[in-house]
2 protein chains.
Amino acid sequence: MKKSLDELIKELKEKNIRLTHQRLKVLEYLVNNRTHPTVDQIYKALKKEVPSLSKTTIYNTLNYLSELKLIKVVAIEDNEARFDGDTGDHGHFKCNSCGKIYDLDMDMDKCIPENLNGFRIDEKIVHFKGICKRCLSR
Amino acid sequence: MKKSLDELIKELKEKNIRLTHQRLKVLEYLVNNRTHPTVDQIYKALKKEVPSLSKTTIYNTLNYLSELKLIKVVAIEDNEARFDGDTGDHGHFKCNSCGKIYDLDMDMDKCIPENLNGFRIDEKIVHFKGICKRCLSR
DNA sequence: TTTCTACTTTGTAATGATTACAATATAATT
DNA sequence: AATTATATTGTAATCATTACAAAGTAGAAA
Ligand SMILES: [Mn+2]
Ligand SMILES: [Mn+2]
Ligand SMILES: [Zn+2]
Ligand SMILES: [Zn+2]
């Protein structure tokens, strides 16, 4: 679900996670930018507000927050990870023309095959790639 | 579909692609090893039979064959690509305990959401991760 | 408020998969 | 056998990510 920054901060407090300036800025960025940004995009944007910021901190923070299940990693590119403040089950569509990554509201459970009876499923990943409507109509 | 080596060779001939020793060995390996191997696994295995083999050739060959749609890339790991001789639509399950990647026969079209009306879909990717039946029963 | 300390951030170096490139080799045709 | 366009090979470069140690800080306690 799309949690607000306040809800995310509450979760950090409940788990006794330190509310560092950097962590709050990263969470704030992900809440305000629902574009599945890369590490570099987050880094460049926050560097302006926090000049001392290190890219390693972005990596550390994003890794930690995804371990805590406060954010999600979207591995839809082959060379670079993307991050998502929405931790609810949903799919993604990547347009190979404009590069935009769309969210897909869908019931992922509808596509679990019988083969997996007896398996424990921890992650469900559904990605589509192609050309988006907007790019097609041009 | 799971094509035989002969069928794959026929497709290469039809497309006027040179039947080099290395290409044939890579295709043969993928036909005989339905384990979604990594570049390094393919390289190490074939290096024994073809001592002059270069890892760059494995990369070149796999990239070329996947451009030609004769094989598929399976991007289910976050650090390393895997390759699949089965180009038919199917999903994958990765066991985080034993590392095995299972094939999932499934109707991918069943999980395309309405959101995508008007979009052109070129790739459909369905991945699950968790613990497999065999690992759970131990 | 000040002190304390465990945890965090930072900068730099290392890692590891993948790609670029140029020299050498070869498949397929003549 | 000669030719040539294409492929292979080895090495170096690239680039995202991680390892590590020194410096900094959040939060608790005095
Ligand atoms: Mn999303
Ligand atoms: Mn497969
Ligand atoms: Zn587009
Ligand atoms: Zn297993």
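We name chains A, B, ... by the order of the sequence lines, and we start the count at 1 in each one. It should be emphasised that the depicted structure is a prediction, and the values quoted were computed from it without experimental measurement. Quick note: numbers below take in every heavy atom, side chains included, and nothing from hydrogens, waters or symmetry partners.
One atom, CG of Leu62(A), and another, C1' of dT8(C), lie 15 Å apart when rounded to the nearest Å. When rounded to the nearest whole Å, the span between CD1 of Ile58(B) and C1' of dA17(C) equals 15 Å. The distance from atom OH of Tyr43(A) to atom C1' of dG11(C) is 10 Å, rounded to the nearest whole Å. As a whole-Å value, the separation of Lys13(A) NZ from dG27(D) P is 9 Å. What separates CG of Leu19(B) from P of dA25(C) is a distance of 22 Å, to the nearest Å. Here dA7(D) presents its P atom at 11 Å from CD of Glu67(B), a figure rounded to the nearest Å. Atom CD1 of Ile42(A) and atom P of dT17(D) are 11 Å apart (whole Å). In this structure, the CG atom of Asp40(B) is 10 Å from the P atom of dT18(C), given to the nearest Å.
The phosphate of dT19(C) (OP1 or OP2) has a side-chain N or O of Asn63(B) nearer than 4.0 angstrom. Taking 4.0 angstrom as the limit, Tyr59(A) places a side-chain polar atom (N or O) nearer than this to OP1 or OP2 of dT17(D). In this model, the phosphate group of dT9(C) is not approached by any side-chain N or O of Ser54(A) to a distance below 4.0 Å at OP1 or OP2. For Arg23(A) and dT8(C), the shortest distance from a side-chain N or O to OP1 or OP2 is below 4.0 Å. Note on Thr61(A): every side-chain N or O is 4.0 Å or more away from OP1 and OP2 of dT8(C).
You'll find that the side chain of Gln22(A) is closest to dT9(C), out of dT9(C), dA16(D), dT9(D). Residue Thr57(B) places its side chain closer to dT9(D) than to any other of dA28(C), dC20(D), dT9(D). Taking only side-chain atoms of Glu80(A), from C-beta outward, the nucleotide of dT8(C), dA7(D), dA16(D) with the closest atom is dA16(D). Of the candidates dA7(D), dT10(C), dT18(C), the closest approach to any side-chain atom of Ser52(A) belongs to dT10(C).
At least one donor-acceptor pair closer than 3.5 Å links the side chain of Asp86(B) to the backbone N or O of Met1(B). In this structure, the side chain of Lys124(B) does not engage the main chain of Cys111(B) through any donor-acceptor pair within 3.5 Å.
Follow the hydrophobic side-chain contacts under 4.5 Å out from Ile76(B) and you never reach Ile125(A); the two are in separate clusters.
Ile101(A) has its side chain within reach of Glu77(A): a pair of non-hydrogen atoms, C-beta onward, lies under 4.5 Å apart.
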Audit row: His36(B), Asp84(B), side-chain hydrogen bond (donor to acceptor under 3.5 Å, both in side chains) steps and yes/no:
CA-CA 5 Å; His36(B) 313 94; Asp84(B) 198 337; 3.2 Å; yes
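The nearest heavy atom of DNA chain C to Arg18(B) and to Leu53(A) marks one nucleotide each, and the one closer to the 5' end goes with Leu53(A). Between Asn60(A) and Ala81(B), the residue anchored closer to the 5' end of DNA chain C is Asn60(A), taking for each the nucleotide with the nearest heavy atom.
Counting any heavy atom pair closer than 4.0 Å across all strands shown, Thr56(B) reaches a base atom.
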